[in-house]
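A short write-up of the structure that comes next.
This one's a predicted model, so the numbers in the text were calculated from it and none came from an experiment.
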Amino acid sequence: MESDRLESPVAIKGIERELICPACKELFTHPLILPCQHNICHKCVKEILFAFEDSFADGGSESSNQSSPRIRISASSMDRIDRINRSASQRRSFGCRGRKRNSLTPRSTLFPCPSCQRDIDLGERGINGLFRNFTLETIVERYRQAARAAIAIMCDFCKPPPQESTKSCMDCSASYCNECFKIHHPWGTVKAQHEYVGPTTNFRPKEKLSKDIEYLISKESQVKAHITQLDLLLKETECNSERAKQEASQSFEKLYHVLEEKKYAALRAIETSKNIRLEKLQTQVEEYQGLLENNGLVGYAQEVLKETDPSCFVQTAKQLHVRIQKATESLKSFRPAAETTFEDFVVDTAKQEDILGDLSFHSNGLEIPEINEEQCRMYNKALISWECPEKTDSADIYVLEYHKLNKEEESVTWQKTEVCGKSKVLSDLDDDSSYAFRVRGYKGSICSPWSREVILRTPPAPVFSFLFDDKCGYNNEHLQLNPRRTSVESRAGFPLLLGSERLQVGCYTTLDYIIGDTGIAKGKHFWAFSVESYSYLVKVGVVPSNKIQKLFHNTHDVTSPRYEQDSGHDSGSEDAFFDSSQPCTLVTLGMKKFFIPATPAAPKDPASRILPLPSCLGICLDCDRGRVGFYDAGRMKCLYECEVDCSGLMYPAFALMGGAAVHLEEAVTAKHREYHDDI
């Protein structure tokens with residue numbers, strides 16, 4: 001039963017129509033059960049019955065249709081009332097004994113049910129014989145309480161369950177019951193002076209609003225001064241904009257004049273050439289017309305033949321013969337006297353159109369950005385970085401343009417991208433290609449001139465990603481990996497100190513090898529790395545999987561050239577020999593030098609085989625062609641290339657001796673620039 005009394009308001013809300021009286025259309029008040037098992041309010045029953053009694057007393061006049069304001073009786077109900085009245089009159093006329101009339105019993109025992117629209121006989125006792133529906137009354141009361149709770153404003157400070165609030169404090173923006181209000185607003189304190197109203201959820205910040213209004217009123221003179229200043233700025237803006245429009249119009253008018261002059265000169269040149277050509281062609285037409293019979297030269301020659309005086313004939317015929325001979329030659333090799341095409345007069349405006357397309361407002365205050373080649377990177381993606389000479393950021397946005405260098409293309413099509421910062425990562429570039437880059441800054445409609453174009457080259461092949469392998473042959477006594485396995489360092493340590501007793505005859509030590517954790521089976525791949533400048537000896541290259549075991553178990557010691565008595569110098573060049581017996585293909589680095597192996601095709605002069613060590617090196621392995629190349633990764637220039645056996649899986653290989661360190665190049669990501677700035 002307890003659970004029945006605790007039904008949720010949602011469940012009660014669903015039966016709301018069952019709790020409405022069919023007569024007054026409101027919630028039941030003291031509901032009674034009719035013999036037809038329908039319910040009706042106690043007051044509604046009395047009002048309807050008294051309406052019947054009044055109707056009978058008035059003889060069924062129109063005024064009898066006036067029912068209680070609380071009851072809304074339909075026309076059909078009124079018809080039933082009249083029918084009941086007529087039935088009662090008939091019973092009286094036939095001598096039927098009527099019931100005793102009192103305040104609760106109408107003269108008729110029939111009652112029109114508002115629910116089923118039937119006439120119900122209430123019996124001898126009438127309304128007194130109806131039972132009260134206590135169950136329905138309890139449900140209605142629970143519904144009333146749930147409805148009040150749904151709209152009631154509860155106290156914000158009561159312990160659960162909270163009481164319904166009786167007032168709300170506008171200064172505290174909270175609602176209180178009587179007890180909590182007394183506790184939080186004791187007499188004699190500042191809170192006792194707070195403004196409170198009836199329960200509400202609409203708290204107006206009246207105390208703060210009043211202060212703000214007072215502050216604005218006190219600053220009225222300052223506001224008026226600002227308004228005056230703004231009015232002046234409005235007028236100044238109007239004047240300056242008109243002046244800027246006039247100057248821009250004058251600039252475009254100058255361009256119009258230049259174009260008009262160029263247009264007039266071009267059209268005049270075309271017209272002059274046309275007239276000359278037409279004159280030549282017309283003369284040629286007249287000459288050929290003279291060759292026709294009875295026309296021109298032929299007619300004149302025919303008249304000369306009629307001359308009978310030999311001396312006159314000879315004198316004229318000689319000159320005429322020359323003219324006829326020329327005409328005859330022209331017939332044999334006919335060629336128009338002038339060209340009909342005007343290809344030499346085509347105006348090429350492609351460059352001018354590009355310039356006009358970039359036409360915008362230039363400002364001396366907007367700096368020209370410069371692309372920083374040292375901070376730019378071309379790896380798996382391209383990172384293009386730039387800066388302003390004065391290290392300021394006066395531009396709101398930058399526009400980076402780039403295009404692929406292609407000698408076969410006559411016209412250049414720049415690709416454009418807008419950048420909010422001072423760097424951009426591009427991922428749509430082709431491998432083994434050169435690109436030109438330029439950048440300019442924009443501030444509103446004002447832009448800076450283009451920066452100097454910078455040419456950068458992409459890697460010769462897709463970038464191959466791997467980490468140093470810390471398991472296969474890794475010597476943790478001599479080598480040290482960083483936690484991410486992207487850097488390896490070799491330290492001389494105790495093994496070198498223990499071997500120092502042999503310094504008089506040379507110091508001997510071995511190379512410590514380490515490989516990548518991923519192999520290459522086919523295709524063309526590129527990876528890059530950097531070698532610390534203090535590194536004494538480093539070898540880099542590739543090793544096939546079937547020779548890895550031989551690599552790590554090679555007992556052949558490498559003699560340090562620095563302490564070799566027969567060396568004669570300490571350049572380390574003796575390490576730059578080509579040894580075909582080695583299980584892998586490696587080149588030697590060290591002491592800030594790159595040593596080209598001494599192959600038959602290499603230069604004979606040892607000095608020409610020693611190059612400065614680039615800040616970043618790269619290796620390109622082409623398994624399909626069986627070749628490996630060693631690159632200056634900063635310029636993507638190949639320093640040395642040789643054949644390599646790619647019959648098995650190929651692994652990146654590194655060897656370190658003495659103090660040395662190698663760092664794998666990190667891939668360029670969209671967040672690379674931000675990460676670099678944080679570092």
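Panel note: side chain Ser451, backbone Val439; a donor-acceptor pair is recorded below 3.5 Å. A donor-acceptor pair under 3.5 Å is formed between the side chain of Arg485 and the backbone N or O of Phe468. Checking side-chain atoms of Asn482 against main-chain N and O of Ser487 turns up a donor-acceptor pair under 3.5 Å.
Here salt bridge (Lys or Arg N to Asp or Glu O under 4.0 Å) pairs that include residues 631-640, with residues two or more places apart or in two chains, are Asp632-Arg635. Identified under the salt bridge (Lys or Arg N to Asp or Glu O under 4.0 Å) test for residues 424-433, with sequence neighbours left out: Lys404-Asp430, Asp432-Arg457. Sorted pairs that involve residues 159-186 and meet salt bridge (Lys or Arg N to Asp or Glu O under 4.0 Å), not counting sequence neighbours, are lacking altogether.
Residue Gln163 qualifies as open at atom CD: its count of foreign heavy atoms under 6.0 Å is 12 or below.
Residues passing the side chain to side chain donor-acceptor pair (under 3.5 Å) test with Ser175, sequence neighbours excluded: Ser168. Taking the ring-ring contact (aromatic ring centres under 6.0 Å, His included) definition, one finds that His226 meets it with nothing, sequence neighbours left out. Taking Glu532 as the reference, His663 meet the side chain to side chain donor-acceptor pair (under 3.5 Å) condition, with sequence neighbours excluded. Ser273 is linked by a side chain to side chain donor-acceptor pair (under 3.5 Å) to Arg277, counting only residues two or more places apart in sequence or in another chain. By the salt bridge (Lys or Arg N to Asp or Glu O under 4.0 Å) test, Asp156 is found to be paired with no residue, residues two or more places apart in sequence or in another chain being considered. With sequence neighbours excluded, no residue satisfies ring-ring contact (aromatic ring centres under 6.0 Å, His included) with Phe594. Partners of Tyr435 under the ring-ring contact (aromatic ring centres under 6.0 Å, His included) rule, at least two apart in sequence or in another chain, do not exist in this structure. Applying the ring-ring contact (aromatic ring centres under 6.0 Å, His included) rule to Tyr176 yields the partners Phe157, Phe181, His184, His185; only residues at least two apart in sequence or on another chain are considered.
With values rounded to the nearest 0.5 angstrom, Leu27 atom CG is found 10.0 Å from Cys21 atom SG.
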In a table with atom names and distances, give each donor-acceptor pair under 3.5 Å that connects a side chain of residues 264-271 to protein atoms at least two apart or in another chain.
unit_1 : atom_1 : unit_2 : atom_2 : d
Glu271 : OE1    : Lys274 : NZ     : 3.4
Glu271 : OE2    : Lys274 : NZ     : 2.9

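Checked for salt-bridge contact, Lys224 and Glu220 meet the test: a charged N lies under 4.0 Å from a carboxylate O. With respect to Arg452 and Glu373, a salt bridge is recorded, a charged nitrogen being found less than 4.0 Å from a carboxylate O.
Contact check for Leu611 versus Tyr640: no side-chain heavy atoms found under the 4.5 Å cut-off. Residues Leu467 and Thr486 have side chains in contact (heavy-atom distance under 4.5 Å, counting atoms from C-beta outward).
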